[in-house]
Protein chains: 2
Amino acid sequence: MIQSNRNAYHHGDLRRALLDAALARLADGEAGQLKLRALAGDAGVSATAVYRHFADKEALLAAIATEGFEGLRHETRAGGEDARDPVARLHGIGCGYVRFAREHPAHYRLMFGPRMLDREQHPELERAAGASYAVLEDTVREGVEAGVLAPADAALLSTAAWSLVHGLALLIIDGLIDPERADDALTERITGLLATGMESTS
Amino acid sequence: MIQSNRNAYHHGDLRRALLDAALARLADGEAGQLKLRALAGDAGVSATAVYRHFADKEALLAAIATEGFEGLRHETRAGGEDARDPVARLHGIGCGYVRFAREHPAHYRLMFGPRMLDREQHPELERAAGASYAVLEDTVREGVEAGVLAPADAALLSTAAWSLVHGLALLIIDGLIDPERADDALTERITGLLATGMESTS
DNA sequence: GGAACAATGTTGACATTGTTAACACCGGCA
DNA sequence: TGCCGGTGTTAACAATGTCAACATTGTTCC
């Protein structure tokens with residue numbers, strides 16, 4: 001386990017360094033596409049060295065997207081943590097979701113940008129994405145079982161909630177919603193509208 | 001006004017031909033990026049001829065996106081046409097919206113894909129996008145004025161509705177929702193959940 | 001300890017693609 | 001008729017993903 005073997009040739013953990021470089025560029029805005037040569041340069045390494053750690057560019061992007069989904073999972077979980085009932089938890093999750101997208105717009109776009117078909121070729125991505133969705137899904141199921149959410153198809157409610165926060169997140173980071181308005185309060189009020197329709201009317 | 005001057009040199013309406021080629025490729029799925037050389041080839045013309053009609057690739061994409069927004073406007077308008085009250089009209093609009101995305105996935109992705117910042121540099125795009133959004137917005141306003149929608153901030157209701165259909169549309173075309181389930185009925189049930197929260201509770 | 005071997009980097013080259021520059025053709029107007 | 005603007009062509013360049021061949025290092029086994 002070498003951890004920082006900077007002997008001018010072997011890098012130590014180039015894979016990690018490349019991912020960090022990519023994350024840094026995403027955090028900086030970096031409107032356009034990530035460029036392998038640039039990432040390699042950031043890591044102080046030759047362009048083709050990338051291929052020792054990633055099959056191709058798509059594999060690298062998949063790895064980044066995977067980490068994004070892990071972050072999204074944490075943010076949503078944290079958002080719903082100190083909520084008493086499932087409905088309040090859903091609100092927290094929704095706010096966490098949109099907040100993640102707002103704080104990491106380029107990263108979020110990458111997560112949902114490149115055709116999702118390739119997810120089937122990147123099991124890690126598939127798993128991470130599923131895990132992040134499960135946060136929402138599980139809470140909805142909880143709510144249905146607790147009787148506070150309409151006993152409709154639970155999958156339907158999850159899909160609706162996901163659609164709402166996903167759409168809102170994208171509209172915000174694409175600048176289609178006035179950035180002034182785009183804060184937690186907006187998310188809260190909007191998710192509140194859907195929550196009303198999801199609540200048990202019994 | 002020459003319309004089909006195929007004298008081996010001057011094309012007649014290359015601009016239109018290029019756009020049609022692009023639309024055809026989008027309709028064919030065409031997972032990746034559109035390539036200028038390919039479009040030029042489809043039109044039977046040299047790669048650089050494109051630049052006589054479009055400043056650059058982005059301008060061509062903007063033109064395509066513009067036509068997409070016009071199509072979206074028509075589809076949503078048609079969807080809400082024969083509805084009696086504003087709420088029913090909103091349902092129709094939502095279904096039309098998602099249907100457009102389902103029927104033209106690549107086109108829809110292009111419309112929202114490339115950073116929206118450049119919209120400010122493409123007035124046509126800006127206008128078309130605004131007009132398509134107005135269909136939804138106007139109907140919401142109608143509903144609020146008619147008293148069937150909650151007298152909350154009308155902009156909030158519009159944003160919520162847009163978020164929901166936009167998110168749903170993207171989840172569907174990105175394959176994140178089981179294609180089996182993705183039909184008008186799904187849209188209808190999901191928009192129904194939000195509509196409940198938007199309706200006037202007086 | 002030393003020799004094979006796997007892992008990891010490097011250089012050089014190639015194909016693709018967007019884009020520009022310089023030139024060619026065509027149709028209309030003075 | 002001759003010029004000119006609009007339109008299309010070829011040649012070439014730069015950026016970028018990727019591969020092949022080679023170099024270097026770390027490891028493992030005798």
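Numbered from 1 within each chain, the chains take letters A, B, ... in sequence-line order.
Regarding B:Glu58, its CD atom lies at a distance of 16 Å from the C1' atom of C:dT17, rounded to whole Å. Spacing between atom CG of A:Leu34 and atom C1' of D:dT18 amounts to 17 Å, rounded to whole angstrom units. Distance CG (B:Leu18) to C1' (D:dT7): 12 Å, rounded to an integer number of Å. For the pair B:Leu39 CG and C:dT16 P, the computed distance is 17 Å after rounding to whole Å. Remark: P of D:dT25 and CG of A:Leu14 are 16 Å apart, rounded to the nearest angstrom.
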Contact string for nucleotides 10-15 of chain D, one letter per nucleotide 5' to 3', B = base within protein heavy-atom range under 4.0 Å, S = sugar-phosphate only, - = neither, reads BBB---

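Counting non-hydrogen atoms under 4.0 angstrom, B:Leu60 reaches nothing in the nucleic acid.
Partners of B:His122 by side chain to side chain contact (heavy atoms under 4.5 Å, CB included), not counting sequence neighbours, listed by chain and number: B:Glu58, B:Ala59, B:Ala62, B:Asp118, B:Leu125. Judged as a side chain to side chain donor-acceptor pair (under 3.5 Å), and not counting sequence neighbours, A:Asp153 has no contacts. Applying the ring pair (Phe, Tyr, Trp, His ring centres under 6.0 Å) criterion to A:Tyr133, with sequence neighbours excluded, gives A:Trp162. Here B:Arg73 pairs with nothing under the side chain to side chain donor-acceptor pair (under 3.5 Å) rule; sequence neighbours left out.
B:Thr159 and A:Arg181 form a side-chain donor-acceptor contact under 3.5 Å, judged by distance and modelled atom types alone.
Not a single donor-acceptor pair, N or O on each side, falls under 3.5 Å between the base of D:dG6 and the side chain of B:Arg52.
Contact check, B:His53 against D:dG6: no side-chain N or O comes under 4.0 Å of OP1 or OP2.
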Check residues 37-47 of chain B and write down every donor-acceptor pair under 3.5 Å in which the side-chain atom is one partner and the other belongs to a residue at least two apart or another chain.
| unit_1 | atom_1 | unit_2 | atom_2 | d |
| --- | --- | --- | --- | --- |
| B:Asp42 | OD1 | B:Arg25 | NH2 | 3.1 |
| B:Asp42 | OD2 | B:Arg25 | NE | 2.6 |
| B:Asp42 | OD2 | B:Arg25 | NH2 | 3.3 |

